[in-house]
There are 2 protein chains.
Amino acid sequence: MPERPSERAHDAVLQHIEDSLRSGEIKLGDRLPGERALAEQFGISRASVRDAIRALEVMGVVRSATGSGPNAGTIVVSDPSSALGSALRLHVASQRLPVKDIVEARVMMETWSLAHAADANWEPVQLEEARKLLDAMDDPALPSPAFTALDAQFHVALSALAGNAVVSTMMDSLREAIREYVDEAVRTRAQWDDIVAELRRQHREILEAVERRDGDGAAHLVRDHIEWFYAKTL
Amino acid sequence: MPERPSERAHDAVLQHIEDSLRSGEIKLGDRLPGERALAEQFGISRASVRDAIRALEVMGVVRSATGSGPNAGTIVVSDPSSALGSALRLHVASQRLPVKDIVEARVMMETWSLAHAADANWEPVQLEEARKLLDAMDDPALPSPAFTALDAQFHVALSALAGNAVVSTMMDSLREAIREYVDEAVRTRAQWDDIVAELRRQHREILEAVERRDGDGAAHLVRDHIEWFYAKTL
DNA sequence: CTGCCACTATGGTCAGACCACATGGCCCGG
DNA sequence: CCGGGCCATGTGGTCTGACCATAGTGGCAG
């Protein structure tokens with residue numbers, strides 16, 4: 001198999017980073033060598049190194065910052081949610097992925113999460129944080145974008161109870177992908193106050209179902225909750 | 001709204017492309033202007049344009065090719081699966097996303113797909129293509145990587161029956177994220193021939209359940225199928 | 001001891017050049 | 001008139017070297 005399809009200069013860096021990540025040689029929070037150092041190390045130009053870094057940044061694997069000190073440079077983070085969210089958002093924009101399917105997928109994941117949360121081992125503090133989010137959402141003076149942001153955090157917090165990082169990450173991504181879409185729809189919506197009141201009620205109801213370990217009940221409630229909201233706004 | 005959070009030079013291009021995508025000004029299959037043209041158009045350097053193009057490429061929104069002619073240049077494609085798959089693979093490598101959760105998420109999506117496929121309107125030709133994949137997998141001389149590749153296609157074809165682009169895309173991504181992982185496990189596995197024989201049997205069984213519109217049956221079969229396979233190999 | 005400021009290392013951007021590649025048309029020979 | 005080979009052209013890919021903006025750091029002066 002003498003195939004060498006990846007002669008691209010920056011692929012070498014990409015491959016090396018991935019291998020180092022897999023072997024544990026570099027891990028979350030570590031700083032990568034500077035771009036100039038990597039360029040010399042691999043015998044390629046700094047521009048090509050930047051290509052690789054850019055790719056990693058888009059995928060949410062690293063974060064770059066200028067300046068000096070411990071917070072500067074290229075640091076290994078792990079933020080799959082926003083990375084996947086951005087990608088999905090663009091594919092929604094290009095009409096490759098219908099919004100309807102996004103919502104449907106979200107219902108699938110969220111019902112699954114709550115159904116499984118009933119049998120999972122989560123810390124009571126997790127539920128408490130979700131409740132604090134609901135308390136914050138009770139503020140009548142809250143502008144709608146702030147409300148929807150808290151709403152997103154609440155749903156992510158709930159889905160995290162199932163203990164599956166992939167599912168909650170993807171849920172977060174889906175939400176992020178259509179966030180602007182939803183905010184725009186909400187902004188032009190009359191009767192927003194009435195909708196918010198109903199959302200608050202439904203949220204409390206869902207939280208109580210989770211609290212009493214009623215997985216099926218919580219799943220049904222959240223399905224109705226999401227579908228009601230999207231029917232009302234979109 | 002005097003906010004200018006995006007001072008980055010390449011963000012302007014990114015934003016413009018996204019807007020053009022959303023407005024339908026550019027659509028799938030279109031060619032973007034050349035990098036030099038874009039640089040002049042936005043008053044930035046070609047390097048910054050390349051940063052934006054690279055980001056789009058990583059997200060699976062465009063594809064770049066050298067040379068001239070209709071197949072060269074930067075073309076709008078829409079390949080979310082491989083893009084999300086690559087990103088997920090790296091996050092698995094960095095141990096941010098456990099393989100166990102990937103498999104669990106895959107079970108969730110695939111059971112959902114088959115359960116919904118029973119009520120969905122799919123073309124009989126879709127089932128026929130899935131069957132052809134199974135026929136190809138009957139070849140006893142098939143090397144294991146080719147078998148698992150066909151297996152992946154079969155599962156994607158099945159999940160496509162539910163008619164949800166987001167779910168089948170994510171399923172494909174999950175599969176891609178742990179493909180090398182699975183292939184490696186399979187390669188070092190004794191009794192591979194026996195496993196393949198059982199996989200073939202289960203595949204036919206699943207296909208038949210879908211064919212007779214038995215959604216619950218198909219869902220249960222595919223759950224057992226996936227969990228059996230991963231218990232056997234990983 | 002304190003506050004200011006130059007120094008330094010980082011990523012971000014720019015400019016201009018050359019390379020590898022694929023096409024399409026031109027030219028020349030048949 | 002036709003066919004094949006060759007080169008002009010335009011594409012992305014890479015390289016070089018420079019300068020800018022930023023943010024810690026450490027020394028220096030008060």
Side-chain angles (χ1 to χ4, degrees), chain A residues 2-17 26 29-77 79 82-83 86, chain B residues 3-17 26 29-79 82-83 86:
Chain A
E3 296 193 12
R4 300 311 223 72
S6 66
E7 284 296 344
R8 308 293 230 352
H10 65 261
D11 281 347
V13 183
L14 229 33
Q15 192 63 48
H16 178 260
I17 303 282
I26 59 179
D30 286 356
R31 276 190 46 187
L32 263 52
E35 297 181 350
R36 295 163 179 86
L38 283 176
E40 190 179 3
Q41 178 179 340
F42 286 91
I44 61 180
S45 74
R46 197 185 149 205
S48 295
V49 171
R50 282 185 59 75
D51 271 359
I53 302 286
R54 166 81 53 226
L56 291 172
E57 198 171 357
V58 170
M59 291 192 282
V61 177
V62 302
R63 186 211 82 202
S64 291
T66 63
S68 80
N71 282 344
T74 303
I75 299 181
V76 177
V77 295
D79 185 14
S82 63
S86 301
Chain B
E3 297 193 13
R4 303 310 223 70
S6 64
E7 286 297 341
R8 308 295 233 346
H10 64 261
D11 280 347
V13 184
L14 229 34
Q15 194 61 49
H16 177 260
I17 302 282
I26 58 179
D30 286 357
R31 278 189 43 186
L32 263 53
E35 297 181 352
R36 294 162 181 86
L38 283 175
E40 190 179 4
Q41 177 180 340
F42 286 91
I44 61 179
S45 74
R46 198 185 150 206
S48 296
V49 171
R50 282 183 61 75
D51 271 359
I53 301 287
R54 168 79 54 221
L56 291 172
E57 198 172 356
V58 170
M59 292 192 280
V61 177
V62 302
R63 186 210 81 205
S64 292
T66 62
S68 79
N71 282 344
T74 303
I75 299 181
V76 177
V77 296
S78 197
D79 184 14
S82 64
S86 299

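We name chains A, B, ... by the order of the sequence lines, and we start the count at 1 in each one.
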Residues in contact with DNA chain C, drawn from residues 70-79 of chain B - heavy-atom cutoff 4.0 Å:
B:P70

To the nearest angstrom, the CZ-P distance between A:R63 and C:dG12 comes to 11 Å

For A:I26 and A:L32, run side-chain contact (heavy atoms from CB on, under 4.5 Å): C-alpha distance rounded to whole Å, both residues' side-chain angles, the deciding distance at 0.1 Å, then the answer.
CA-CA 8 Å; A:I26 59 179; A:L32 263 52; 4.3 Å; yes

To the nearest angstrom, how far is A:R8 atom CZ from D:dT14 atom P?
6 Å

Between the protein and nucleotides 14-17 of chain C, are there any N/O to N/O pairs under 3.5 Å, and if so, what are the atom names and distances?
from	atom 1	to	atom 2	distance (Å)
C:dC14	OP2	B:S45	N	3.0
C:dC14	OP2	B:S45	OG	3.1
C:dC14	OP2	B:S48	OG	2.7
C:dA17	N6	B:R46	NH1	3.4

Spatial distance of atom NE2 (A:H10) from atom CZ (A:F42) [nearest 0.5 Å]
12.5 Å

Distance check: side-chain N/O of B:H10 vs OP1/OP2 of C:dG12, anything under 4.0 Å?
no

Protein-nucleotide distance (A:L32, atom CG; C:dT10, atom C1'), rounded to Å
13 Å

For DNA chain D, whose closest nucleotide is more 5', that of B:P33 or that of A:S68?
B:P33

Could you state the atom-to-atom distance from CD of A:E35 to C1' of C:dT10 in whole Å?
8 Å

Contacts under 3.5 angstrom, residues 46-60 of chain B side chains, donor-acceptor by atom type, not counting sequence neighbours:
from	atom 1	to	atom 2	distance (Å)
B:R46	NE	B:E35	OE1	3.0
B:R46	NH2	B:E35	OE1	3.1
B:R50	NH1	B:E35	OE1	3.3
B:R50	NH1	B:E35	OE2	3.0
B:D51	OD2	A:R54	NH2	2.8
B:R54	NH1	B:E57	OE1	3.2
B:R54	NH2	A:D51	OD2	2.8

With a 6.0 Å cut-off (strictly less than), is the heavy-atom count around CD of A:E40, excluding the residue itself, greater than 12?
no

DNA chain D contacts made by residues 49-61 of chain B, counting heavy atoms under 4.0 Å
B:R50

Reckon B:G69 touches a base, only the sugar-phosphate, or nothing at all at heavy-atom distances under 4.0 Å?
sugar-phosphate

Does anything in residues 61-71 of chain A pair up under side-chain hydrogen bond (donor to acceptor under 3.5 Å, both in side chains), and if so which pairs, sequence neighbours excluded?
A:S64-A:T74

Treat a base pair as Watson-Crick or G-U wobble with both distances under 3.5 Å, then lay out DNA chain D in dot-bracket form, 5' to 3', with | for cross-strand pairs.
||||||||||||||||||||||||||||||

Interatomic distance, B:D11 atom CG to B:I44 atom CD1 [nearest 0.5 angstrom]
9.5 Å

Within this structure, what is the CG-CZ distance for the pair B:L38 and B:R36, rounded to the nearest 0.5 Å?
11.5 Å

